[in-house]
Each structure stands twice: as structure tokens, then as C-alpha cells.
Asker: 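This structure is in C-alpha cells; I'll ask about it shortly.
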There are 4 protein chains.
Amino acid sequence: MNDMRTGGTDLETGQERKAPGRPRDSKADQAIIEATIALLATGQSAASLSMDAVASKAGVGKATIYRRWPNKEALLIDAVATMKGPLPELAGESVRDDLVALVAANWTNRAKRYGKVTACLLPQYTRDEEMQRVYQAITEPRRNAMRTVLRRGIDNGELRADLDVELSMLMISGPSVVQNMLHFNPNVPEEGFPEALVDAFLRGARP
Amino acid sequence: MNDMRTGGTDLETGQERKAPGRPRDSKADQAIIEATIALLATGQSAASLSMDAVASKAGVGKATIYRRWPNKEALLIDAVATMKGPLPELAGESVRDDLVALVAANWTNRAKRYGKVTACLLPQYTRDEEMQRVYQAITEPRRNAMRTVLRRGIDNGELRADLDVELSMLMISGPSVVQNMLHFNPNVPEEGFPEALVDAFLRGARP
Amino acid sequence: MNDMRTGGTDLETGQERKAPGRPRDSKADQAIIEATIALLATGQSAASLSMDAVASKAGVGKATIYRRWPNKEALLIDAVATMKGPLPELAGESVRDDLVALVAANWTNRAKRYGKVTACLLPQYTRDEEMQRVYQAITEPRRNAMRTVLRRGIDNGELRADLDVELSMLMISGPSVVQNMLHFNPNVPEEGFPEALVDAFLRGARP
Amino acid sequence: MNDMRTGGTDLETGQERKAPGRPRDSKADQAIIEATIALLATGQSAASLSMDAVASKAGVGKATIYRRWPNKEALLIDAVATMKGPLPELAGESVRDDLVALVAANWTNRAKRYGKVTACLLPQYTRDEEMQRVYQAITEPRRNAMRTVLRRGIDNGELRADLDVELSMLMISGPSVVQNMLHFNPNVPEEGFPEALVDAFLRGARP
DNA sequence: TACTAAGCGAGACGGTACGTCGCGTCTTCTT
DNA sequence: AAGAAGACGCGACGTACCGTCTCGCTTAGTA
């Protein structure tokens, strides 16, 4: 996650080269990320979180942060990535149940906190290609899981053969994300949302 | 839109009471919003837009801005609301075509610029209830149009009788919004997106 | 002069303790004071001198100024103190000549410029006890010199034995100051003022 | 004091010309001056007194003030002039006693408050010739009184024939002013100051 | 055991923007 | 026309962050 390492790998030989001098303190990495997450949870927005505050809360000098991350946004991206929980266990029997499980995994309290923090990063996200790649990398495992489930459904006949997989992923994740981050449509109840969404997606709107 | 008004309503009679003193200059409101939009279009992000620049470009003192909006974010919200284009004309024949028209209206270049700016404001939206209400108010006409189309479809039998209207709205808007603002799934082609989305929504995923 | 220092004295041992962190840059102190004096000489008044201008001229961030002085007035006080020239050399033979020399030292062009700037600060002097003490500290060496001269005069019989030294100091400095700063009585000629004042003080008004 | 009158005197005929429209409200003049004095007494300095505060306290629109005085300083000068008490009654027998009475008149509590306010105006005073003339006009009656007393002393032999009257005025007023405004020499007791000053002035410093 | 190189906490540094306040003017309606 | 009320353009204020730069000190590997 955090780069900007000294020493590291010698590109010509491919062998590890031991960096001279005092090595980085891994407790610092951890303390910084934890302080960031704590302040994000407390605070109001990404803008209202200051690097001085992170340094102070982590008991760390500011230079120690900037030695690891090039700027505030990079740190936030990493902190958010850390907040992402593990992928849910998929039963692997019914495609419908697996999709519900995937949506529900983004519907926990933890995920909602994550959603709020993510929203704080959107301004950077929409603008910086580098950040988009980082974000895609973080979410790729999840997208892949859903892709696999959908393909399985097509193969075993649970889903229509001509289903557009990528569009379907967007149709399942999109409503979930906007509702999570923006409370987009306040008239949709939270209770039972994953099931309702997946069932409506499967069933379609025609009679 | 902008509040913080002087004068207002006489509580006893309920009649409008003319505020004393020099009234606000409505040309200033307009100039400020226009300057904000112009700078948003030019600039990189909401953060890179400075109030001094807005004031200068609008030919207005900073106090004149802060007399109307309590802070930078509130101004941006209002500026973005102004960017929203008019509702599309709906043919009113096929429900499918009307839904496509509604989605396509958020798919123009103008709407994409709007989407980018909106993304910059999401941090505020997600935490400030006041801003959420403002945002709801801005989007309410659009949601209402879609609600009407869906109800018409249920009534005339184009859509299933047990369709959850609110959830359906989310299922159409959600993918559109995240794709517009976040380029959420880079594997979904832009070309023909509104038609593909609506058709998939209507058809469902089952064979 | 400028306070608000970090670090300081270890209370238990009474020894100086080195403050942690990067130490203040003494070149900044100097550059700020010099910029202030330069702008005071150029400008019209204390009010017309802006902190932004000082910072810009000194090639320094505003925070660097405010780290050293709590506000504009405190900076001006220090700048003015720096403008005070050195004490004049006293011949030490005739008390009368030494007093004339002391008065004349406040009668140079430099001293008049100093007087004008000081006048700009009087509002602060008159109400802030802290600033009064600062001012007293600045002027104490001069007052002491005059006190010494007067005492010598009493001892060697040049002055009357029952002379009130403190009142006499006020009687010599007071007219000089008001005339210098305020041009208090426009009917008193500038030419030969120090001699005339001292001689009149020595001689008295009685026949 | 306050000028900028409409109507007034026709310079060619010397006759009064009645101004058209609503006449000035003399209660406003009074309320403004009183509010100014009250705020000066309360507040910290001339700079910390705002025209908005004066207008508000006087229950008057700002334009009403600016119709009478061209700017803040002019108002302050007038307010200060109003604070000046009446000239003391002079017994007219002993020159020494009359001088003591004149000094003592500047030594009352009222005079000290006046001194503090005057100090607030010095920055303007030292810079603006117009203000100097106004100030000289205010103080001229006092200076004239002292001049008369000193001349009487010369004429009747109480004072030396070659006394420099203007310099003497400065020698009496100067110490009083600086001590009053600046607490210039804290070692000089307030008690009995007028008598001590006048006696020392008369007696001289030589044995 | 000494030397070199880098990491560390602390905090100062040059900038940039913030949101507030005051000045002196202008604009409304009312007296 | 003057009055109260208050908006206006301007410009300075003092604060908060950013990302960088010293300080003196610590912690490793190398000589």
C-alpha cells in the first residue's frame, strides 16, 4: 500500500538489497493508519481531517507520515482500503443467495462507515487517474467475486444466456452504493434491501 | 436557494413584511453563481476554487457572498443546482422510451460536468442533513417524473402490477449516477448505455 | 523583545533546556523587523502598514510573524524600539552640557521619525500595561543616563542640593517629547531648542 | 465643530438662506457625540471604536454621521473637544497659584480620561495638518490663559523680565501632558504634582 | 568500538485560503 | 431633503492547513 520505500529491490539483480541506516518502524505505519481511521470516524469529512491531527494522534512526526505517503489523499486511500472488510463466504449453491450475500456485505454498519469515508475521497477519485487505479485495485476482488457468480448462473441456466455481465454488476452495485453513501432515495426501506434488490434484478419489471 | 435573508414574514399577520434598509442586489446573486460555475468549469476541483477568486470574478466583495451563503460548500451546492438542465420532454407513449429519455438526460456532456462537480460535494452531502434536504429538493422534480412514468406503466399493464416503484427508481438512477460520477465499472461501454440499462431492468436476469 | 518563545527553563534544575523541534530562524526575526521599519518609513501611519506587506517584503509567511508577535501592535513596538539610536557620548564635564547633549539626541531627524512612529503607538501604550513595561524598558537606559548626570550635578554643587531628581527628569524630557512628537507649541522655534530648554530649566523663572 | 452643512450662509449677500427639505435633527448631533464618548470610555482605543457601533448606540443611521463629519477621525476630534472641561477660575493674585490652578485643571480624573482619548488621536494628529489646526483651536483658549498669566508675572516682577513665554508654556504643559497620557515617569508621585512642578519651574535647578 | 546512514518526534518555515470586521458609500422606504 | 436600516466594494485581520525543512536524538549495519 504505502510505497516510497528506501532500499528495496535491486532492479538489475532482482535480489533484495538491505537498506542502510535505521529501518522504518512498522509500529508507525500502523499507528498512522489507525489514527486516520479514528479521526475519519470522529470528524466530518476528509477536508476537515488535518495531517497535523493525524500526526499528533498517532504520536508521530509529520515527516514520518510524508516519508510513507506522498500526500493526504494517498494516506486516506490506504486508510479506507484498510477499513474494507473481508469478502463474504459464498455458499455457492443458489446464484440468487450468493448475490444477496455480496450486496449484504456492503450493507453492514462497518460498510456504511466505509461508504461515508469513501464519499470523502470522491473529489480526488473523479479527477486523479492514479487514484482511480488504486481504487479499482481495492475493489477488484469484490467485482471479481460477483463476476464469477454471474457467469456461473449463466452457465448453469439460472440466468439468461445473453446476460450482459458487466452491466449487471453495475445494476447490482450501483443502487447499493448510492443508497449507502448518499441515502439516495429515502423512500426505500433499509430492512431487507439486499434481498429486494436482487430479486427485482432477477425478475425484471415486465409482467 | 440561498437563505440567510433579512426581513421575512410578520408572525402575527402572516403577511410578507418588507425588510427595512437597502435590499439585496439580485444582480450580485446571479454574478456570484455565474462566476462560481465558470471557475468550476475551468478549475480542477471544488477545493481549488477560492472564494476570493469567485468574488473577484463576480466583481463583488467577499462579504457580499458570505451575506448570502454561510460558507463555500453552501455556495457550491447552489451553483451545482443551477447547472442542472431542464427535464426532458417525455413522449408519453412507451414507458420504455420515457425511461430511456430520463436516463439519457443524465448522460449528456453537460450532465457529466454536473456529475463531476457533484462528486466534489458528496462529502458534504453525506454528513450534513441540511445539504441532503437541499439535494433532495433539487432532484425531486426528476424523481417525480420517473415515478409518474413507472406508475403509468403499472396502470396500463406495461409493467408488472406488484412492481416496487421506489426501489425501481433506485435501480434505474443508481447505476446511472455511479457510472456518470465515478466511472464505476470501466468495462461498461458508454455508447447506448441508457437503452441497455432500461432494457435490462425491464427484462430481468432470469431466462 | 519578541516573546512567545518555546522551550525555556527547566523549573526543577533552573538550567536552560533546549526546546525540541526546529529552532526559530533568527534571520526571520531580523528580516521582519527590517521590513517593518522600511515600510513605516515609506508609509503614512501605523494603520496603513499591513501584516501581509511586512510578510511579503520580509520574504516570510504571515504565520512566521504571528509565531513571534501576538499582533500588529506588538510588532510595531519592537520595530520602534529597534529604531532608537544609541545613547550619546557625554563629555562628563559640565552638567549643563551633558543635559543639552541628552535632549539634542532626541532632536535629530532620526529621533523625529522615531517620534512620529511612537505617536502611532501611543493608544496601545496608554492602555496596555504590558506595553507600558516594554516602553519603560526601552527608555530606561536613557532615563538612567539623565539621572546620573543630575545626581552628579547635585554632588558637585552645580545643582541645588534639594533638587527632585525624578521630577527634573520629567521637566526636561516632557517638553522635548511633546514638542518632538506633537509639535505641541508651534511658537517655540526648533533652532537651539535643547540649549534653550536646559538653560531655562537651570535658571528658573523667578527674577 | 461639525461642518459640511447644507444651506447656511450665502457668501455673497451674507444673509441666511433657508435650506430646502427636512432640516437636520439636532438631537442626532448630540446622540452621536454622546455615543462616541461613551464608547471611548468603555472601549480600548480609537481603532477599536467602530462607526457602526457609534451609529447603533446612538440609534442613528451611518449616513447621518457621515453627513456631519467627513470621517471617523473628525468625529473623534469633536468628541474629544466636547470632553474638555471649562477653564478653571483664576484667582488672579499670585502668578504661582494661577499656574498651579491651570496645571491642576489637567490633573482631574476627567482630564485624565480626556488624556487617554487624546492619545488615541495622536497618530492622526501627527500626520494630518488639518487635524493639527483643529486641535490647536481647541487648546488655544487654555494656552492663551497661561500666556496671559505668564505675561502678567513678567509685568509685575514676579517672573524674570527676559522669560521666554512660549518656551515656558511648553515647560509647564509638556511634563503635565506626558505624565497624564503616558504615565511617563512612574517615579514621580501624582500627589501634589501641580504644585511641585510649578515651584520647580519657578525656582530653577541652580543652587 | 567507532563511523555512517537513515529514521524518529518536534516543530518552524513559505504559502494559500479561510471567514470576519471595519470603512465610507449607496440604495431602499419613511418622515 | 433628512432619517433609519442595511447592502455594497474594498482591503486587512488573525487562523488553519499543506507539504517541506531543520533540529537533536536513536537505531541499525559496517569498519
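Because the structure is predicted, anything quoted here is derived from the model rather than measured. The sequence lines fix the lettering, A, B, ..., with proteins before strands; numbering per chain opens at 1.
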Asker: Rounded to the nearest 0.5 Å, what separation is found between the CD1 atom of B/Ile37 and the CG atom of B/Leu49?
Answerer: 11.0 Å
Asker: Nearest 0.5 Å, what's the CG-OG distance between D/Leu39 and D/Ser50?
Answerer: 8.0 Å
Asker: In whole Å, I'd like the distance from the CZ atom of C/Arg67 to the P atom of F/dC17.
Answerer: 14 Å
Asker: CD1 of D/Ile65 versus P of F/dA5: gap in Å, rounded?
Answerer: 12 Å
Asker: For A/Ala63, check side chain to side chain contact (heavy atoms under 4.5 Å, CB included) against everything at least two apart and list the hits.
Answerer: A/Arg67
Asker: Please identify each residue that fulfils salt bridge (charged side-chain N to carboxylate O under 4.0 Å, His left out) with C/Lys72, with sequence neighbours left out.
Answerer: none
Asker: Among B/Asp25, B/Asp29, B/Asp78, exactly one meets salt bridge (charged side-chain N to carboxylate O under 4.0 Å, His left out) together with B/Arg68. Which residue is that?
Answerer: B/Asp29
Asker: Check the distance between F/dG3's P and D/Arg24's CZ and give it to me in whole angstrom.
Answerer: 6 Å
Asker: Please give, in whole Å, the distance from E/dG7 C1' to A/Tyr66 OH?
Answerer: 18 Å
Asker: A/Leu76 has an atom CG; how far is it from atom C1' of F/dC18, in whole Å?
Answerer: 13 Å
Asker: Please list, by residue number, the residues of residues 52-61 of chain D whose heavy atoms come closer than 4.0 Å to an atom of DNA chain E; answer none if no residue qualifies.
Answerer: D/Asp52
Asker: Hey, what do you get for CD1 (C/Ile65) to CG (C/Asn71), rounding to the nearest 0.5 Å?
Answerer: 12.0 Å
Asker: B/Ala28 and B/Thr64: which non-hydrogen atoms are nearest, and at how many Å?
Answerer: CB-CG2, 4.1 Å
Asker: Would you kindly give the CG-to-P distance between D/Asn71 and E/dG22, to the nearest whole Å?
Answerer: 17 Å
Asker: Does a nitrogen or oxygen in the side chain of D/Lys72 sit under 4.0 Å from OP1 or OP2 of E/dG24?
Answerer: no
Asker: Let me know the distance between NZ of B/Lys27 and P of F/dG9, rounded to the nearest Å.
Answerer: 10 Å
Asker: List the residues meeting salt bridge (charged side-chain N to carboxylate O under 4.0 Å, His left out) with C/Asp52, not counting sequence neighbours, and say none if there are none.
Answerer: C/Lys62
Asker: OP1 or OP2 of F/dC8 sitting under 4.0 Å from any side-chain N/O of B/Arg68?
Answerer: yes
Asker: Measure from the side-chain heavy atoms of A/Met51 and tell me the nearest of F/dG19, F/dG3, E/dG24.
Answerer: F/dG19
Asker: Who passes side chain to side chain contact (heavy atoms under 4.5 Å, CB included) against D/Ala35, sequence neighbours left out?
Answerer: D/Val54, D/Lys57, D/Ala58
Asker: Just by protein heavy atoms under 4.0 Å, how would nucleotides 26-31 of chain E read 5' to 3' in B, S and -?
Answerer: BBB--B
Asker: Side-chain N or O of C/Thr64 less than 4.0 angstrom from OP1 or OP2 on E/dG14?
Answerer: yes
Asker: Can you tell me the distance, in whole Å, between the CG atom of D/Asp25 and the P atom of F/dA1?
Answerer: 18 Å
